[in-house]
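This report concerns only the one structure given below.
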Amino acid sequence: MSTDSVAAQPLVRSGELLRLATAGSVDDGKSTLIGRLLYDSKSIFTDQLESIEATSAARGDTQADLALLTDGLRAEREQGITIDVAYRYFATPRRKFIIADTPGHVQYTRNMVTGASTADLAIILIDARKGVLEQTRRHAFLSSLLGIPHLTICVNKMDLVDWSRERFDEICSEFVDFAAKLNVGDLTFIPLSALRGDNVVDKSAAMPWYEGRPLLSHLENVHIASDRNLIDARLPVQYVIRPQTADGADHRAYGGTVAGGVFARGDEIVVLPSGFTTTITDIWGPGGTRVDEAFASMAVSVELADEIDIVRGDMLARPNNRPYVARDIDAMVCWFADDAPLTEHSRYVLLTGTRATKAEVTGVNYRLDVNTLHRDTESKKLALNEIGRLTLRTQQPVMFDSYRRNRETGSFILIDEATNATVAAGMITAPVSHDSHIVWQTTKVSREHRPHHGATIWLTGLSGSGKSSLAIELERRFVAEGRPAYLMDGDNLRHGLNSDLGFGDDDRRENIRRTSEVAALFADSGAVAIVSLISPFAGERVRAREIHAERGLPFYEIFIDTPLDECERRDPKGLYARARRGEISQFTGIDSPYERPENADVVVTPTDGTPAEAADTVLRNLGL
Ligand SMILES: Nc1ncnc2c1ncn2[C@@H]1O[C@H](COP(=O)(O)OS(=O)(=O)O)[C@@H](OP(=O)(O)O)[C@H]1O
Ligand SMILES: Nc1ncnc2c1ncn2[C@@H]1O[C@H](COP(=O)(O)OP(=O)(O)O)[C@@H](O)[C@H]1O
């Protein structure tokens, strides 16, 4: 069965580039197939050919073993060299090709995700004797997950099953039944023998029943232009150009690579996430030539009619066709790191397009078995090469589309801040919960218009350490000086804003997150937010600081370093005594951890005296 009928000659621009991903093991004849393509398209150097002919002859082979052309992956692997992807290049008069060749074994899933993520077409190899195997299904699933628009199933070694049409049809039917579960676009089956060249470049005389094209002709003619997203105009801003012009005018331009759709001079556009709108006055293409329109994958710079504060990581789009703008993301993620698994609440830098922001894994919904497609909802971790469905919360809003809609604006990577290593690749399925078209509402009142500049003073320490007493004194001082200030005490917040939260780790994290956001609003309004929370987790305190830093708001961490035994001695609410009797669980310092601050802005100890004296110390150190 072939689904590759010789239809009307589709439009293929001569020299157009086709990116291929090849999956399958060397046992399926992948190396021979790639070698055959390189050889028959005359894309190998004479010395390479002479070398493989000599090696083949030395082994007693009667003809050159073309697999030797591409066995670099295997040789490197045998030497224990870490291989990401082997790229092979070849061309015919009709088209240029890049082959991303990755090992087929499950332990190289991350390699396939890396190499195939930009592919237009995936070649999946099946040994005609063995039929559809677990690895075939894995390769098909990964190709579908990566949104590769065209799958070409090459049923190889047909010479070893006597060119049987029945065997070919049987394999095709089995694959189609499996592919029905996947989101596969264009599916083509080609029976071939890579070793003998049948249906690789030339039609096979041994299989007259096959009516489709040989592989190379199929690759030269597969239509990919319509795969490009020409609907959703997206330009992630890569850099801002401020040319020094003779007239001193500020002809600022914004450069980047169009990630989707079409931009034209005169188009109204919206800048995200700010939400400001303006009009494109000029577009400059490669080489500085003025162009009327810019299409997906074009590197351009655009000039705008209005002076708007635009920075790298912003995105230009059309006002009536915006990407999602959200902080909560639902995504499929492949874990690349081999030194530690991905876990819930772990934090990374998320890079999507040109925008980078901190992000936290807020949930591992399930781990997917790439062989069986079984969803394991118990496991809340992803180990090397594993794929799972996660939710993440970013610190700054990100602009994105679903990966299905646009592979450029629907994908991201996670970077380990400590090592700068890429630890995961993600494909966004959708925003989580919010209406994704929430765009930050700009206001007419800037901080400069407000009578006071706000800040957050964050007091952390054990229960009974003296946070509240100091916070109360600080608030009194500020208000007495005429500065708006407001006490945000953990106990008080737990009567209202955080009344739904307990003292488990996750609830404390949410307690601190919410309090951080509200304190930032107070500070943004010009008040001094004085937070008095145990806030036992260092990571949460760092995030509180980052939330303020991202908005240019001062944040001061004050550690009330009163030893546990002194807190227990004081025990003003009798809570320590009850915790010791086992009447209260998860009590900080007893059976719930407190992570001491490493670099608080000010540390207060009992030797600093009374709350009033401690307040003097704090205000003097902060210069407030
Ligand atoms: N299990 C347990 N662990 C810690 N604290 C407990 C607990 N149960 C009740 N309380 C009372 O709640 C106050 C701590 O609330 P916080 O919001 O400051 O804690 S946290 O930041 O969420 O860890 C804390 O107030 P302070 O003593 O003023 O710190 C306690 O009085
Ligand atoms: N600087 C201080 N020196 C001595 N005792 C203090 C000091 N600050 C507070 N206390 C006492 O310690 C107990 C706990 O104080 P509080 O401010 O409620 O702590 P927290 O808010 O951290 O639980 C109270 O009895 C309070 O009077």
To the closest 0.5 Å, what do you measure between CE (M427) and CZ (R389)? 11.5 Å

For R167, is there an ion pair with D162 - N to carboxylate O distance below 4.0 angstrom? no

With side-chain hydrogen bond (donor to acceptor under 3.5 Å, both in side chains) as the test, pick out the partner of R234 among T409, N406, D401. D401

Donor-acceptor check, side chain of S379 to backbone of R367, threshold 3.5 angstrom: yes or no? no

What's the verdict on side-chain contact (heavy atoms from CB on, under 4.5 Å) for L382 and L390, showing C-alpha distance, side-chain angles and the deciding distance? CA-CA 10 Å; L382 290 184; L390 316 179; 4.1 Å; yes

Just verifying a value: how many Å separate L33 CG and I123 CD1, rounded to the nearest 0.5 Å? 6.0 Å

Tightest non-hydrogen contact, residues L342 and Y348, listed as CA-OH, 4.0 Å

Are any of the side-chain heavy atoms of K157 and L195 separated by less than 4.5 Å? no

Below 4.5 Å, heavy atoms only, C-beta onward: do H139 and Q135 meet side chain to side chain? yes

Rounded at 0.5 Å granularity, tell me how far CZ in F336 sits from OG1 in T422. 8.0 Å

Check V258 against A294 and note the closest heavy-atom contact, atom names and distance. CG2-CB, 3.9 Å

May I ask you to test the V302-F263 pair for a side-chain heavy-atom distance under 4.5 Å? no

Gap separating the CG atom of L17 from the CD1 atom of I98, nearest 0.5 angstrom: 4.5 Å

Quick check: does any side chain N or O of S217 sit under 3.5 Å from a backbone N or O of R213, one acting as donor and the other as acceptor? no

If I compare all heavy atoms of F178 with all of A140, which pair ends up nearest, and what's the gap? CE2-CB, 4.0 Å

Close side-chain approach of R290 and W284, heavy atoms under 4.5 Å: yes

Determine yes or no for a side-chain-to-main-chain donor-acceptor pair under 3.5 angstrom, with N229 supplying the side chain and R405 the backbone. yes

Between E134 and R137, is there a salt bridge with N-O shorter than 4.0 Å? no

Would the distance check show the side chain of T281 and the main-chain N or O of E303 forming a donor-acceptor pair, the cut-off being under 3.5 Å? yes

Under 3.5 Å: donor-acceptor pair, side chain of D267, backbone of A264: yes

Go through the side-chain N and O atoms of R94 and N221 and say whether any donor and acceptor fall under 3.5 Å apart. yes

Kindly compute the distance separating CD1 (I269) from CG (L316), expressed to the nearest 0.5 Å. 4.5 Å

Just by distance, with hydrogens left out, do H150 and D186 show a side-chain donor and acceptor under 3.5 Å apart? yes

For atom CD1 of I231, is the number of surrounding heavy atoms from other residues, nucleotides or ligands below 6.0 Å larger than 12? no

Sequence neighbours excluded and cut-off under 3.5 Å, please list the side-chain donor-acceptor pairs for residues 196-203, or say none.
{"residue": "D198", "atom": "OD2", "partner": "S204", "partner atom": "OG", "Å": "2.7"}
{"residue": "N199", "atom": "OD1", "partner": "S204", "partner atom": "N", "Å": "2.8"}
{"residue": "N199", "atom": "ND2", "partner": "P191", "partner atom": "O", "Å": "2.8"}
{"residue": "K203", "atom": "NZ", "partner": "Y210", "partner atom": "O", "Å": "3.0"}
{"residue": "K203", "atom": "NZ", "partner": "G212", "partner atom": "O", "Å": "2.7"}

Going by the rule ring pair (Phe, Tyr, Trp, His ring centres under 6.0 Å), which residues pair with F175 if we only count those two or more places apart in sequence or in a different chain? F189

Could you walk me through whether I153 and I190 pass side-chain contact (heavy atoms from CB on, under 4.5 Å), step by step? CA-CA 6 Å; I153 315 304; I190 302 179; over 6 Å; no

Would you check, one step at a time, whether the test side-chain contact (heavy atoms from CB on, under 4.5 Å) holds for T357 with V398? CA-CA 8 Å; T357 177; V398 287; 3.7 Å; yes

Student check: side-chain heavy atoms of T188 and L151 closer than 4.5 Å: no

Let's go through R355 and D314 carefully: what are the C-alpha distance in whole Å and the side-chain angles of both, what is the deciding distance for salt bridge (charged side-chain N to carboxylate O under 4.0 Å, His left out) to 0.1 Å, and is it a yes or a no? CA-CA 7 Å; R355 193 166 181 84; D314 286 356; 3.6 Å; yes

Looking at R19 and D120, is there a salt bridge between them, counting it only when a charged N and a carboxylate O are closer than 4.0 Å? no

Step through it carefully: locate the ring centre of W209, locate the ring centre of F168, and say whether they are under 6.0 Å apart. yes

Mind running side-chain contact (heavy atoms from CB on, under 4.5 Å) on L121 and L219 for me, showing each step along the way? CA-CA 9 Å; L121 181 147; L219 297 178; 3.8 Å; yes

Search all heavy atoms of A116 against all heavy atoms of R407 and return the closest pair with its distance. O-NH2, 3.5 Å

Is a donor from one side chain sitting under 3.5 angstrom from an acceptor on the other, for T429 and D330? yes

Heavy-atom closest pair, residues G115 and Y87: CA-OH, 4.0 Å

So, does Y254 use its side chain to make a donor-acceptor pair with the main chain of Y239 at under 3.5 Å? no

Is E220 salt-bridged to R95, going by a charged N under 4.0 Å from an acidic O? no

Would you say the side-chain atoms of S117 pair up with the backbone N or O of T114, donor to acceptor, closer than 3.5 Å? yes

Heavy atoms of other groups near N420 CG, more than 12 under 6.0 Å: no

May I ask you to check whether T279 and E268 show a side-chain donor-acceptor distance below 3.5 Å? no

With heavy-atom distances below 4.5 Å as the criterion, would you say the side chains of D127 and N156 are in contact? no

Would you find a donor on one side and an acceptor on the other, under 3.5 Å apart, between the side chain of N385 and the backbone of R110? yes

Where G29 and L125 come nearest, the two heavy atoms and their spacing: C-CD2, 3.5 Å

With a 4.5 Å cut-off on side-chain heavy atoms, are F412 and L351 touching? no

Partners of E408 by salt bridge (Lys or Arg N to Asp or Glu O under 4.0 Å), sequence neighbours excluded? none

Are the side chain of R327 and the backbone N or O of T394 linked by a donor-acceptor pair below 3.5 Å? yes

Reported OG1-to-CZ distance for the pair T136 and F141, which is rounded to 0.5 angstrom: 15.0 Å

For the residue pair E386 and C334, establish whether any side-chain heavy-atom pair is separated by less than 4.5 Å. no

